[in-house]
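This report refers to the structure that appears directly beneath it.
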Amino acid sequence: MTNYTFYKYNSGYIHHVLVDGLEYDTKYYYKTGDGDSAREFWFQTPPMIGPDVPYKFGIIGDLGQTYNSLSTLEHYMESGAQSVLFVGDLSYADRYKYNDVGIRWDSWGRFVEKSTAYQPWIWSAGNHEIEYMPYMNEVTPFKSYLHRYPTPYLASKSSSPMWYAIRRASAHIIVLSSYSPFVKYTPQWKWLEEELNRVDRKKTPWLIVLVHVPIYNSNEAHFMEGESMRAVFEEWFIHHKVDVIFAGHVHAYERSYRISNIRYNVSSGERFPVPDESAPVYITVGDGGNQEGLAGKFRDPQPDYSAFREASYGHSTLEIMNRTHAVYHWNRNDDGKKVAIDSFVLNNQYWCVNIGIRAEYFSKKVRII
């Protein structure tokens, strides 16, 4: 049980409950409150970890609490996904002042409850969680976020709740922090080096990374902001055969081909991204519905590394079928129902290469990557 103040706002009591001794793939019911005010919910525990265990993730970013946010949430809840990979920027409470900051965190919690009360959301923090507001004497970064949304960082030997890892079904998910130090020898850098070496692709074939700022982005909004993280970590991502990296921050949707820019070493090598079958696919899903609007201005012409891009609200799903293949969809809200606008079959970087499966078709109708 904890609470915090933000300016003159008092959060009231926030309860964090650790429930152990649970069985895999089991439905549990629970109640919050007491007496007539008690409310009942339920959740389904994940299946046992294994190389061919199917599982379906939803991917949402930059959600906020607007009409478009509601549309995204309702579309997602029709997808049948079992868990959300959330790529940062939750409530956008920092767009308000004084007591309204805390109140907007409260209202966002109630807004997403229809999903978060029943299934896990795997959190990563964005810039709107920093809340550095000296004019209110609030200078502790991520204060509201860390009090409200704890992460299981100790289980993955992390020194900070801002970066951590989770194993779920057949996936190993690594969450990074764009707004914490990550250059060489920092705690996040050291942890990621060790965590990547702990990944066992024979048990969890799928290696997924979440980060807020896109490493590759062809939108005018936040262009090149991910360059510093790319310079530090891109070679690791390729060496360890990361399958896909999801990001938010840019309020639009974009998917890359498999490309890399690791050959340039200041004095020689290509100075631009080139096709690289060992590289992950980079996907930006910062289109949840925030109040700042869409990032509608893409750079022209479209770079060769950009496979598909569109400034519309929506969400994505990644359905893992087995150790070799997963099905990915991006769904645009504007169609009034769940419609897969951009979709492809994703080949696993570890198993497909090892058994000689490799196909790449980049037509608008069929994509196997």
Side-chain angles (χ1 to χ4, degrees), residues 58-73 75-76 84-96 104 108 111-112 123-131 176-179 209-230 244-257 259 261 273 280-318 328-335 339-343 364:
I59 304 96
I60 300 175
D62 301 71
L63 186 58
Q65 42 193 317
T66 67
Y67 174 81
N68 291 307
S69 312
L70 178 61
S71 178
T72 296
L73 189 59
H75 279 81
Y76 162 72
V84 171
L85 305 177
F86 195 90
V87 290
D89 284 358
L90 285 68
S91 69
Y92 285 79
D94 67 333
R95 289 181 58 82
Y96 296 84
R104 283 288 169 168
W108 194 81
F111 170 66
V112 296
W123 305 105
S124 60
N127 55 296
H128 285 280
E129 278 71 73
I130 297 173
E131 293 185 337
L176 299 178
S177 175
S178 297
Y179 301 102
V209 173
L210 308 184
V211 66
H212 185 61
V213 178
I215 290 175
Y216 284 98
N217 164 41
S218 69
N219 200 295
E220 292 288 354
H222 307 301
F223 184 65
M224 294 287 285
E225 282 187 23
E227 180 64 11
S228 54
M229 182 171 279
R230 185 204 64 76
V244 59
I245 298 179
F246 292 110
H249 199 40
V250 178
H251 299 164
Y253 172 74
E254 186 166 16
R255 172 176 60 84
S256 78
Y257 293 121
I259 44 89
N261 193 12
V281 176
Y282 295 90
I283 299 178
T284 300
V285 193
D287 52 357
N290 60 86
Q291 64 176 230
E292 293 177 329
L294 292 167
K297 190 174 182 180
F298 287 100
R299 296 178 69 84
D300 189 29
Q302 184 171 356
D304 291 340
Y305 63 77
S306 177
F308 186 99
R309 57 186 190 174
E310 182 176 314
S312 296
Y313 293 112
H315 77 281
S316 296
T317 58
L318 180 69
Y328 172 85
H329 287 159
W330 174 62
N331 302 277
R332 184 202 295 139
N333 292 351
D334 293 346
D335 297 285
V339 177
I341 303 302
D342 182 37
S343 62
K364 293 195 181 218

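Please read these numbers as outputs of a predicted model, since none were measured by experiment.
Remark: the H251 side chain and the N290 side chain contain an N/O donor-acceptor pair separated by less than 3.5 Å. A donor atom on one side chain and an acceptor atom on the other are not found under 3.5 Å apart for H249 and D62. A donor and an acceptor atom, one from each side chain of Y328 and S316, are located under 3.5 Å apart. With 3.5 Å as the limit, one finds no donor-acceptor pair spanning the side chains of S91 and Q65.
Counting heavy atoms from C-beta on, the side chains of E310 and F308 come closer than 4.5 Å. A heavy-atom distance below 4.5 Å is found between the side chains of V209 and L176. A 4.5 Å side-chain heavy-atom check between I245 and I283 finds every atom pair outside the cut-off.
In this structure, L210 CG and I59 CD1 are separated by 8.5 Å, a value rounded to the nearest 0.5 Å. One finds the CH2 atom of W108 at 6.0 Å from the CG atom of L63 (value rounded to the nearest 0.5 Å). Going from atom OG of S306 over to atom OH of Y216 covers 12.5 Å, rounded to the nearest 0.5 Å. To the nearest 0.5 Å, atoms CZ (R230) and CG (N261) are separated by 4.5 Å.
Of the possible donor and acceptor atoms, none in the side chain of D89 sits under 3.5 Å from a partner among the backbone N and O of G61. In this structure, the side chain of S343 does not engage the main chain of H329 through any donor-acceptor pair within 3.5 Å. No side-chain donor-acceptor contact under 3.5 Å links S218 to the backbone of Q302. No donor-acceptor pair under 3.5 Å is formed between the side chain of E254 and the backbone N or O of N217. Of the possible donor and acceptor atoms, none in the side chain of E227 sits under 3.5 Å from a partner among the backbone N and O of M224.
Pairing each heavy atom of S69 with each of G64, the nearest pair is OG-C, 3.3 Å. Smallest separation of non-hydrogen atoms from E131 and A93: OE2-CB, 4.0 Å. Nearest heavy atoms, S256 versus V281: O-CG1, 3.5 Å. The heavy-atom pair separating Y179 from N127 by the smallest distance is CE1-N, 3.3 Å. Nearest heavy-atom pair, Y282 versus I259, reported as atom, atom and distance to 0.1 Å: CE1-O, 4.1 Å. Between E129 and G126, the closest heavy-atom pair is OE1-N, 2.7 Å.
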task: Test V213 against M229 for side chain to side chain contact (heavy atoms under 4.5 Å, CB included), laying out the working first.
output: CA-CA 9 Å; V213 178; M229 182 171 279; over 6 Å; no
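For S71, the side-chain contact (heavy atoms from CB on, under 4.5 Å) partners are H75, N333, not counting sequence neighbours. With sequence neighbours excluded, the residues forming a ring-ring contact (aromatic ring centres under 6.0 Å, His included) with Y92 are H128, listed by chain and number. Residues passing the ring-ring contact (aromatic ring centres under 6.0 Å, His included) test with F86 are W121, W123, sequence neighbours excluded. Residues passing the ring-ring contact (aromatic ring centres under 6.0 Å, His included) test with F298, sequence neighbours excluded: none. When the side-chain contact (heavy atoms from CB on, under 4.5 Å) test is applied to N68, the partners found at least two apart in sequence or on another chain are T66, Y313.
Annotation: cation-pi geometry not satisfied between R309 and Y253 (NZ/CZ under 6.0 angstrom from ring centroid, within 45° of ring axis).
Outside the 6.0 Å centre-distance limit, the rings of Y305 and Y257 are not counted as a close aromatic pair.
Applying the salt bridge (Lys or Arg N to Asp or Glu O under 4.0 Å) test to every pair with at least one member in residues 283-292, sequence neighbours left out, gives these pairs: R95-E292.
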